[in-house]
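Take a look at the structure set out below.
This one's a predicted model, so the numbers in the text were calculated from it and none came from an experiment.
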Amino acid sequence: MTAVNVEPGHCGENWDSCPHLTTGETFDFACAGCGDCCRKRRDLVLSGYDLYRIARRLRLSPRIVASAFCKSYVADTTCLPALRLTPDPKTGDCRFFEGSACAIHAARPLACALYPLGQSIDTVTAKMEYYVQTPLCGARAGKRTLQDYLNDAAIPDRAGIDARWAIVCTQLSQKLQAAGGQNNPHFSAAAKRTERALYYDYSLGDEFYPQFCQNIEILMPLLDRML
């Protein structure tokens, strides 16, 4: 099974070894609003949809948000351009952590909405699985299931977009690697064009998903010519 993973905010590097939960199983964690998951955090990988939602919330273009709050890089394992939301260099806290609260809570990234869960997406079947590492924070919420928790965090509302993102990124990664990856003389130009399609070429006045599909429809044959 080929899967793309989304890691919880403060889980360890081996979070995928944590217990697997089905949607009907009991999961009684409830956020207590302590803000610990926002403090002293490491870089957080964003999807294009994460960036778009933050940009829409801030009423700034995706490129401006990325320039101000993120680090752009090419991932060694996938050869894909990627973005990390970096912590505040002075405090080490999330840059959107203000007054003990998230300033962009309604548009928070998927990993933040999932916390303390990890998510894997099968890029063949689009099946999603969830893993948990219970943090020291939080409260118990009685007889609730994992599905209840996901519904409260609006995860099902974006599941189709997240699955499509994972599938497309896998296809793009395979295409770039098959062409020789970073050893290809045209890789740099191809990576920059891919980064535009994945993250930046979006109008905030229009919905993300149709634009994403159009961007990829244009990108795929263009990469064939570039590489």
Side-chain angles (χ1 to χ4, degrees), residues 1-54 75 77-78 80 82-85 94 96-97 102 104-173 198 208-209 212:
M1 180 178 81
T2 302
V4 172
N5 298 323
V6 175
E7 56 188 318
H10 277 183
C11 274
E13 292 298 331
N14 295 320
W15 68 264
D16 54 350
S17 65
C18 298
H20 165 244
L21 291 178
T22 62
T23 53
E25 287 188 81
T26 299
F27 183 62
D28 62 356
F29 173 85
C31 176
C34 66
D36 281 355
C37 59
C38 304
R39 296 186 178 93
K40 305 301 179 185
R41 63 165 310 121
R42 63 185 183 209
D43 290 0
L44 183 69
V45 178
L46 299 182
S47 70
Y49 188 45
D50 288 331
L51 180 65
Y52 169 88
R53 283 162 48 86
I54 295 172
T77 55
T78 64
L80 282 177
L83 284 180
R84 288 185 179 271
L85 180 64
C94 175
F96 300 111
F97 186 55
C102 176
I104 59 166
H105 188 265
R108 64 197 186 280
L110 176 61
C112 299
L114 282 170
Y115 182 81
L117 298 172
Q119 179 195 74
S120 68
I121 303 174
D122 188 309
T123 56
V124 176
T125 66
K127 179 182 178 181
M128 295 183 176
E129 294 185 335
Y130 296 92
Y131 304 82
V132 61
Q133 177 177 321
T134 304
L136 297 177
C137 64
R140 305 281 72 82
K143 296 181 179 180
R144 290 172 53 78
T145 66
L146 173 61
Q147 189 63 61
D148 293 329
Y149 185 83
L150 297 175
N151 290 342
D152 287 348
I155 302 301
D157 294 344
R158 58 176 294 167
I161 295 176
D162 293 326
R164 182 61 181 161
W165 172 267
I167 291 169
V168 166
C169 284
T170 298
Q171 293 170 344
L172 287 169
S173 174
L198 291 176
F208 174 85
Y209 189 67
F212 174 62

- prompt: Can you tell me how far CD1 of Ile167 sits from CG of Leu172, rounded to the nearest 0.5 angstrom?
  reply: 12.0 Å
task: Supply the atom-to-atom distance Ile104 CD1 to Ile54 CD1, rounded to the nearest 0.5 angstrom.
output: 4.0 Å
- request: May I ask you to test the Met128-Ile155 pair for a side-chain heavy-atom distance under 4.5 Å?
  value: no
Listed partners of Tyr149 passing side-chain hydrogen bond (donor to acceptor under 3.5 Å, both in side chains), at least two apart: none
For a quick test of your reading: what N or O donor-acceptor pairs under 3.5 Å do the side chains of residues 25-33 make, sequence neighbours left out?
from	atom 1	to	atom 2	distance (Å)
Glu25	OE2	Thr22	N	2.8
Glu25	OE2	Thr22	OG1	3.2
Asp28	OD1	Arg140	NE	3.1

statement: Value for SG (Cys94) from CG (Leu85), rounded to nearest 0.5 Å, stands at 5.5 Å
- request: Could you check if a side-chain atom of Leu51 sits within less than 4.5 angstrom of a side-chain atom of Leu198, using non-hydrogen atoms only?
  value: no
field: Side chain Asn151, main chain Pro156, donor-acceptor under 3.5 Å
entry: no
statement: Looking only at heavy atoms, the pair that brings Ala153 and Ala113 closest together is CB-O, 3.5 Å
Non-neighbouring partners of Thr78 that pass side-chain hydrogen bond (donor to acceptor under 3.5 Å, both in side chains), sequence neighbours left out: none
query: To the nearest 0.5 Å, what is the distance between NZ (Lys127) and CD1 (Ile121)?
result: 13.0 Å
task: Look up atom CZ in Arg41 and atom OH in Tyr115, then write down how far apart they are to the nearest 0.5 Å.
output: 9.0 Å
task: Using atom types as modelled and distance alone, determine if a side-chain donor or acceptor of Thr170 lies under 3.5 Å from a backbone N or O of Ala166.
output: yes
query: What are the two closest heavy atoms between Leu44 and Ala111, and how far apart are they?
result: CD1-CB, 3.5 Å
message: For Arg53, give me all partners under side-chain contact (heavy atoms from CB on, under 4.5 Å), at least two apart in sequence or on another chain.
response: Tyr49, Ala107, Arg158
field: Any residue meeting ring-ring contact (aromatic ring centres under 6.0 Å, His included) with His105, in chain and number order, not counting sequence neighbours
entry: none
message: To check you understand the geometry: which heavy-atom pair defines the closest contact between Cys169 and Leu80, and what is its length?
response: O-CD1, 3.3 Å
Glu129 side, atom CD; Asp122 side, atom CG - distance, nearest 0.5 Å: 8.0 Å
- prompt: Would you say Tyr209 and Arg164 make side-chain contact, with heavy atoms under 4.5 Å?
  reply: yes
message: Do Ser47 and Leu110 make a side-chain contact, defined as non-hydrogen atoms from C-beta onward lying under 4.5 Å apart?
response: no
task: Provide the closest heavy-atom pair for His20 versus Tyr130 in the form atom of the first, atom of the second, distance.
output: CD2-O, 3.3 Å
query: Quick one: ring-ring contact (aromatic ring centres under 6.0 Å, His included) partners of Phe212, sequence neighbours excluded?
result: Trp165, Phe208
field: side-chain contact (heavy atoms from CB on, under 4.5 Å) partners of Asp148, counting only residues at least two apart
entry: Arg144, Thr145
